[in-house]
Amino acid sequence: MVTNALLEHKGARAGFIATRGFRDLLELRRSSRIDLYDLFQDAPSVLIPRRWRYEITERIDAQGAVVAPLAEAEIAGIAAAIRDAGLRTVAVSLMFSFLDDTHERRLGELLREALPDVAVFLSCDVLPEIREFERASTTAVCAYVGPLLAGYLDRLSRATASLGLPELQVMGSSGGVIDIAEALRMPAAVVESGPAAGVIAAALAGRQLGLADVISFDMGGTTAKASVIAGGEIAVTAEYEVGGSGSASRWQNGTGHPIRVPVIDLAEVSAGGGSIAWIDPGGSLRVGPHSAGADPGPAGYGAGGTSPTVTDADLVLGYLDRQSLLGGALAIDIAAAEHAIEQAIARPLGLTVLEAASRIADIVNANMAEALRIVSIERGHDARAFSLIAFGGAGPVHAAALAEELQIPEVIVPPVPGAFSALGLVASDLKRDYVRTLYADLGTVDPARVATAFAAMEASGRTMLDAAQVPPERQALPRQADLRYRRQAYELTVPVADGDITRASLDAAMAAFHAKHELTYGHANWREPVQLVNLRLTAIGRLPALLLTQAGDASEARTRQRDVWFAATGITATPVHWRPGLTAGTILPGPVIIEAVDSTTVVPTGWTAHVDDMGFIRLTRS
């Protein structure tokens, strides 16, 4: 709901209040052009139009001192303008309120008194940290989607309560569940909740299999998502942009709406089973970003779709059953799939339907391989040292081809891959993130200042976990710091050791920053002073670990055969096995197809599938 509202610009009628002189902050952004040489580029979209943006006289300086007091006499006029405009919500982001929030809180108090039916979001609550535009943008995003999320969660919580279910919680983008109050306080924190749950499940599977280094690969109907789990740790970033060119992305391209909240580090591409293949004006074959969606869906589903999709190509190539899917519940119209590819792709390019389908598969695989490169190679990791955990309805179909491209030695298909993100949601810990700006030279800062800031966040975290009835032995409060070299514009986040904050622990964080800088960018200057920008703390209430297993039943075994196209061998008569009938220890050399109700696994020539004792299918290169 949150992501779609931002992508489609269907949020609430929201207002924005800034320090006088900063009304246009959301449009001016950082005054950088998306493409320096494009004279005709469109300006980035703005969620809140200028007519609903207001100014108030006040000013806090960069040291936190009051330069101009809050002009409370102006608030009544602003409230009247908001009321007359029929706005449902308002974002407040005043200059340097993260250093002194007195003005912002007083303004919020008076607005709530004057406008009891209008939701008020304060930047000092949403994001009390440095960077004026990112703080304003995150607060504006929260205001824009807050009323929609509040209405939905209110209906959902009343429905679950009527069924006698436990108190409702919500998946957060950083990989943990949060309560409804936290989600409503910070709606931006649930932007990528679904993909985050899949990464949590992949990390759980990695721990269960004794694998510290895995790449999570989730391919569904519209997009494919990848994330890296190195040393057992899920990568999390505070740099995220949603709504740029119709997508959500960790990679800043300047066209969307930045949000500064912890989000699992994902690379996402428009490559899913429903992604539409098309020919651009230059005569090149393209796949995505448009999708056939669930309705009408791929042409082969026989529900009225006429555009050729990745699923249609997989049907033609024989990767998917040409008769039916979902264990026979979904009849397939293979003639419709072939006709869609022939009309839109094969005939214009002078290809056979089979050749066109193979090229569609090649292009979508190349797009997804790029996402895997982004989270692995471009982050300083050697993909050849990782295992690829593939899930989603379409992930296991294409995983081996991607592993071949990046020389990943092993592909793992977990139990119930089509519902793997749902398993991740169930397995997620209770989690809440806290941040405080503390701008100082790390080499000379008084450790007591850092300890005081962490202590305040720890107290808030303990209070939240105690209220959630998490026993002390399951509580964890890991600490981090955002660090950078002088004159750098962006930071790297490194852990801060547990225990007392001392000069030694701060020096250890500094050493970790130098090492991470070298890993990320290929160089480090160990003599360069390091600046501390933000302190971060995560309050975690750990749940007992789930055990993922899928026991095979030999009585369910079914084997048949169909023609399948593979790049190495062309059309090949290929055995097809029913996954619920595969017992532990089963070894299947490729080429072979393994089908289940929720997903299909393609084992190409040169690969071997092995079913382990827990029911995971592990593909290795022969």
Side-chain angles (χ1 to χ4, degrees), residues 62-65 96-101 124 127-131 134-135 174-176 230-239 260-263 265 379-380 431-465 472 475-540:
Q63 285 69 47
F96 296 107
S97 63
F98 63 91
L99 294 176
D100 183 347
D101 61 8
C124 59
L127 190 67
E129 66 174 86
I130 196 170
R131 287 206 174 90
E134 283 78 1
R135 184 159 56 87
S174 63
E233 296 295 325
I234 295 172
V236 177
T237 178
E239 297 289 338
R260 287 275 298 180
V261 295
V263 179
D265 194 352
R379 281 288 173 263
K431 188 175 181 181
R432 179 171 175 180
D433 298 289
Y434 301 85
V435 61
R436 292 289 185 275
T437 290
L438 201 166
Y439 196 66
D441 187 293
L442 187 62
T444 59
V445 65
D446 184 356
R449 288 184 63 197
V450 179
T452 300
F454 272 131
M457 291 188 284
E458 287 174 358
S460 299
R462 294 284 187 196
T463 300
M464 184 275 293
L465 294 173
Q475 296 183 10
L477 298 164
R479 304 178 296 197
Q480 294 178 308
D482 293 346
L483 306 177
R484 68 185 184 189
Y485 292 125
R486 287 179 181 174
R487 298 178 298 280
Q488 279 188 323
Y490 295 95
E491 302 81 42
L492 292 175
T493 303
V494 300
V496 176
D498 293 338
D500 295 337
I501 299 295
T502 63
R503 172 48 47 196
S505 62
L506 295 181
D507 289 344
M510 189 184 308
F513 166 76
H514 289 303
K516 188 170 183 178
H517 198 281
E518 186 164 10
L519 175 66
T520 304
Y521 300 112
H523 65 92
N525 187 345
W526 290 75
R527 293 184 296 276
E528 177 77 13
V530 175
Q531 287 184 331
L532 170 62
V533 179
N534 298 311
L535 298 174
R536 299 184 182 276
L537 181 137
T538 303
I540 302 174

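Computed over heavy atoms, backbone and side chain alike; hydrogens, waters and symmetry mates excluded.
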Begin from the C-alpha positions of Arg462 and Leu477 and carry the test side chain to side chain contact (heavy atoms under 4.5 Å, CB included) through to its verdict. CA-CA 8 Å; Arg462 294 284 187 196; Leu477 298 164; 3.1 Å; yes
Indicate yes or no: does Arg536 engage Asp433 in a salt bridge with an N to O separation below 4.0 Å. no
Would Arg479 and Glu458 count as a side chain to side chain contact (heavy atoms under 4.5 Å, CB included) if you check the C-alpha gap in whole Å, the side-chain angles of each, and the deciding distance to 0.1 Å? CA-CA 9 Å; Arg479 304 178 296 197; Glu458 287 174 358; 3.5 Å; yes
Closest heavy-atom contact between Cys124 and Asp101? CB-CB, 3.7 Å
Which heavy atom of Ile130 sits nearest a heavy atom of Tyr439, and at what distance? CD1-CD1, 4.3 Å
Where the side chain of Arg503 meets the backbone of Val445, is there a donor-acceptor pair that is under 3.5 Å apart? yes
Please determine which of Thr437, Leu492, Thr493 meets the side chain to side chain contact (heavy atoms under 4.5 Å, CB included) test together with Asp482. Thr493
Output yes when a side-chain donor or acceptor of Lys431 lies under 3.5 Å from a complementary backbone atom of Ser174, and no otherwise. yes
Looking at Leu442 and Leu506, what are the two nearest heavy atoms and their distance? CD2-O, 3.8 Å
Applying side chain to side chain contact (heavy atoms under 4.5 Å, CB included) to Leu532 and Asp441, what does each step give before you reach the verdict? CA-CA 6 Å; Leu532 170 62; Asp441 187 293; over 6 Å; no
Okay, side chain of Ser505, backbone of Ile501: is any donor-acceptor separation there less than 3.5 Å? no
Could you give me the CA-CA distance, side-chain angles and deciding distance for Glu528 and Arg486, then say whether side chain to side chain contact (heavy atoms under 4.5 Å, CB included) is met? CA-CA 8 Å; Glu528 177 77 13; Arg486 287 179 181 174; 3.9 Å; yes
Using modelled atom types and a 3.5 Å cut-off, is there a donor and acceptor pairing between side-chain atoms of Asp500 and backbone atoms of Thr502? no
